[in-house]
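Before any comments, here is the structure.
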Amino acid sequence: MTPAARASAAIEILDDILAGSPAEPRLIRWARSSRYAGSGDRAAVRDLVFDALRRRRSHAALGGADTGRGLILGALREAGHDPDTIFAAAPYASPPLTPAERDAGRPPSRAEATDLPDWIADRLAADLGNNFPAVASALRERAPVWLRVNLARGTRENARAELTAAGVETSADPRCDTALLVTSGARSVQGSAAYREGLVELQDLSPQMACAALNVGPKVRVLDLCAGGGGKSLALAARGAKVTAWDATPARMRDLPARAARAGAAIDIAPALPSGPFDLVVADVPCSGSGTWRRTPDAKWRLTTADLEQFVAVQAGILDTAAARVAPGGRLAYMTCSLFAAENAGQIDAFLRRNPSFALNGQRTLTPLDASDGFFVAELSSLMPA
Ligand SMILES: C[S@@+](CC[C@H](N)C(=O)[O-])C[C@H]1O[C@@H](n2cnc3c(N)ncnc32)[C@H](O)[C@@H]1O
């Protein structure tokens, strides 16, 4: 596909997403119905769509319209590229710009330049203080790819060597003994022997740091209460914990047996909510996902205040369910990939008011300025005598 044809495909996909289609399934549908598109084309169209969604407000201002054409035009103007090479009377290209489109467009206002809805910018500014402008700016960029080395399968240096052989270059991050930043060849990760044989898993740096900070070792009985695809279960099992996984929607755990087999990890998938008690209960709760908006940029335009309130209510219920399964003297780890205080420290404050038999050991909010995705982790201990 020519650059103009790729942009034309992105415009059509963006129009559907702006009308309410979730981005990921819409891209998959386009790829399936576009047999002529090679892997390079699919990746390029995906990048155009996600870049446009990350910067939707500012690109709509620059492009003069909050439409697929407006967003792509805004992107071209921001990058200083000639729009007439993309909007052209050429096969498969989007039609040439009209005089009205040429006249439309202006520099984004300060609020538009945050590339966040106003209510979210206001809340995050209050929650993040002086860090807000830099965090908002980071959320406008693509996220890096991180891998977690499965230390039960080999060392970080073994993993780097195997990945290099598959065309994937990485650098070891000093902040976490399992973390590798992919510096080139990210698209070859899943075909590499290191990935297929369970030596590495895709996992962002922030949750790796959060799991590494939980002191788990052999014989520590862990309940992963919101296990989903099992990212936290696998990270903790690789550190020797005896993990039981459960999720309110068991279908979300469907990939976990294969992932555990690949990693050589024995994870017990519970058929019903276990009553415990456990030495450590991990509640990696459903949340706004605001810390991961670089990867899911359509979500920031959809989130409402009612959604956020709903998340906070669900999280409080899950925390209480988790607390009831912590052994006397045991621990509870609460995690979100959110940047909102209401889902993080605010949630923990409220929990401690409801549950005086727990004490806070520590809590940490990571933003894209510290690691890559925004993340929150709090560790609490039961004050009941063991
Ligand atoms: C952030 S995701 C978990 C991601 C997962 N831990 C991982 O690392 O891949 C949150 C999960 O919580 C589950 N969930 C939602 N409500 C729940 C509840 N009341 N109890 C347990 N799990 C719940 C969802 O089905 C979803 O899989």
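Nothing fancy with the numbering, it's 1 onward along the sequence. Every value quoted in this text rests on a predicted model; they were computed, and no experiment measured them.
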Test side chain to side chain contact (heavy atoms under 4.5 Å, CB included) on Thr178 and Leu151; report intermediate values, then the result. CA-CA 7 Å; Thr178 53; Leu151 298 177; 3.7 Å; yes
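- A donor-acceptor pair under 3.5 Å is formed between the side chain of Arg77 and the backbone N or O of Leu62.
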Verify side-chain hydrogen bond (donor to acceptor under 3.5 Å, both in side chains) between Asp82 and Thr85, making sure each step is shown before the conclusion. CA-CA 6 Å; Asp82 177 6; Thr85 60; 5.4 Å; no
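- The one candidate from Asn344, Asp284, Val377, Thr365 that meets the side chain to side chain contact (heavy atoms under 4.5 Å, CB included) condition with Thr336 is Asn344.
- Checking each of Val326, Ile348, Leu383 against Phe358 for a side chain to side chain contact (heavy atoms under 4.5 Å, CB included) leaves exactly one that passes, namely Val326.
- Between the side chain of Arg69 and the main chain of Pro95, a donor-acceptor pair closer than 3.5 Å is present.
- Phe375 and Ser206 make their closest contact through CB-CB, 3.4 Å (heavy atoms, listed as atom of the first residue, atom of the second, distance).
- At a cut-off of 3.5 Å, with distance as the only test, no side-chain donor of Asn355 or Ser357 sits close to an acceptor on the other residue.
- Ion pairing between a basic and an acidic side chain is recognised when a charged N comes within 4.0 Å of a carboxylate O; Glu162 and Arg196 show no such pairing.
- No donor-acceptor distance shorter than 3.5 angstrom exists from the side chain of Arg156 to the backbone of Ala172, with no hydrogens or angles considered.
- One distance of note links CD of Glu379 with CD of Gln363; it measures 11.5 Å at 0.5 Å rounding.
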Is there a side chain to side chain contact (heavy atoms under 4.5 Å, CB included) between Arg295 and Ser372? Walk through the geometry before answering. CA-CA 11 Å; Arg295 301 179 200 280; Ser372 50; 4.1 Å; yes
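- Between Val285 and Cys226, the closest heavy-atom pair is CA-SG, 4.2 Å.
- Here the side chains of Met335 and Lys232 are in contact, with some heavy-atom distance below 4.5 Å.
- Looking at Arg46 and Glu24, a side-chain N of the basic residue comes within less than 4.0 Å of a carboxylate O on the acidic one, giving a salt bridge.
- A heavy-atom distance below 4.5 Å is not found between the side chains of Ser192 and Leu199.
- Under the 3.5 Å distance criterion, the side-chain polar atoms of Asp255 are left unmatched by any main-chain donor or acceptor of Gly229.
- In this structure, the side chain of Thr114 engages the main chain of Leu116 through a donor-acceptor pair within 3.5 Å.
- With salt bridges taken as basic N to acidic carboxylate O contacts below 4.0 Å, none links Glu169 and Arg160.
- When only modelled atom types and interatomic distance are considered, Asp115 and Ser58 share a side-chain donor-acceptor pair under 3.5 Å.
- Taking 4.5 Å as the limit, every side-chain heavy atom of Asp373 sits out of range of all side-chain heavy atoms of Cys337.
- Although no hydrogens or angles enter the test, the distance criterion places a donor-acceptor pair under 3.5 Å between the side chain of Thr2 and the main chain of Ala5.
- Counting heavy atoms from C-beta outward, Leu223 and Val282 have side chains that stay 4.5 Å or more apart.
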Go through it in stages, so that I can follow the logic: the residues are Glu343 and Gln315, the test is side-chain hydrogen bond (donor to acceptor under 3.5 Å, both in side chains), and I'd like the CA-CA distance, side-chain angles, deciding distance and then a yes or no. CA-CA 8 Å; Glu343 297 184 279; Gln315 291 156 0; 2.9 Å; yes
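- Among residues at least two apart or in separate chains, salt bridge (charged side-chain N to carboxylate O under 4.0 Å, His left out) pairs with a member in residues 346-369 are Asp320-Arg354.
- Between Phe87 atom CZ and Thr98 atom OG1 the span is 10.0 Å, to the nearest 0.5 Å.
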Step by step, would you call Arg239 with Asp177 a salt bridge (charged side-chain N to carboxylate O under 4.0 Å, His left out)? CA-CA 11 Å; Arg239 291 185 179 274; Asp177 62 351; 2.8 Å; yes
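- A donor-acceptor pair shorter than 3.5 Å can be found between the side chains of Asn158 and Thr155.
- A pairwise comparison of heavy atoms in Ser381 and Arg331 identifies OG-CG, 3.7 Å as the closest pair.
- Considering OG1 of Thr67 and CG of Asp15, their distance stands at 6.0 Å, rounded to 0.5 Å.
- Ala241 approaches Val222 most closely through the heavy-atom pair CB-CG2, 3.6 Å.
- Between Arg102 and Asp84, at least one side-chain nitrogen of the basic residue sits less than 4.0 Å from a carboxylate oxygen of the acidic one, meeting the salt-bridge criterion.
- For Gln208 and Gln203, the side-chain atoms include no donor-acceptor pair closer than 3.5 Å.
- In this structure, the side chains of Leu163 and Tyr195 stay at 4.5 Å or more apart for every pair of heavy atoms.
- No salt bridge links Asp118 with Arg123; every basic N to acidic carboxylate O contact stays at or beyond 4.0 Å.
- Note that Arg56 lies in the cation-pi zone of Trp301, set by a 6.0 Å cut-off to the ring centre and a 45° limit from the axis.
- Scanning both residues, Trp293 and Ala299, for their nearest heavy atoms gives NE1-CB, 3.7 Å.
- Looking only at distances, no side-chain donor or acceptor of Asp173 sits under 3.5 Å from a matching main-chain atom of Ala179.
- Judged by distance alone, the side chain of Asn150 and the main-chain N or O of Gly198 form a donor-acceptor pair under 3.5 Å.
- Across Arg42 and Ala31, no two heavy atoms sit closer than the pair CD-CB, 3.4 Å.
- Salt bridge annotation for Arg140-Glu78: present, with a cationic side-chain nitrogen under 4.0 angstrom from a carboxylate oxygen.
- A salt bridge does not link Glu141 with Arg54: none of the charged nitrogens is closer than 4.0 Å to a carboxylate oxygen.
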I would like to know whether Leu339 and Leu139 meet side chain to side chain contact (heavy atoms under 4.5 Å, CB included); could you show each step before the answer? CA-CA 11 Å; Leu339 294 167; Leu139 291 175; 4.3 Å; yes
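- Ser34 OG to Met1 CE: the interatomic distance, rounded to the nearest 0.5 Å, is 6.5 Å.
- In this structure, a donor-acceptor pair under 3.5 Å is present between the side chains of Ser290 and Ser338.
- Within the structure, salt bridge (charged side-chain N to carboxylate O under 4.0 Å, His left out) contacts touching residues 217-229 (residues at least two apart or in different chains) are Arg221-Asp279.
- Rounded to the nearest 0.5 angstrom, Arg148 CZ and Met209 CE are separated by 15.0 Å.
- For the atom pair CG of Leu180 and OG1 of Thr170, the computed distance is 4.5 Å after rounding to the nearest 0.5 Å.
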After noting the C-alpha distance and the side-chain angles of Leu319 and Leu332, does the key distance pass the side chain to side chain contact (heavy atoms under 4.5 Å, CB included) rule? CA-CA 9 Å; Leu319 264 173; Leu332 196 172; 3.8 Å; yes
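- Between Trp119 and Phe340, the two ring planes are parallel [angle under 30°; tilted spans 30° to 60°].
- The residues Arg55 and Asp51 are annotated as not salt-bridged, no charged nitrogen and carboxylate oxygen being separated by less than 4.0 angstrom.
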Can you check salt bridge (charged side-chain N to carboxylate O under 4.0 Å, His left out) on Asp247 and Arg254, steps first, answer last? CA-CA 11 Å; Asp247 196 286; Arg254 79 173 79 79; over 6 Å; no
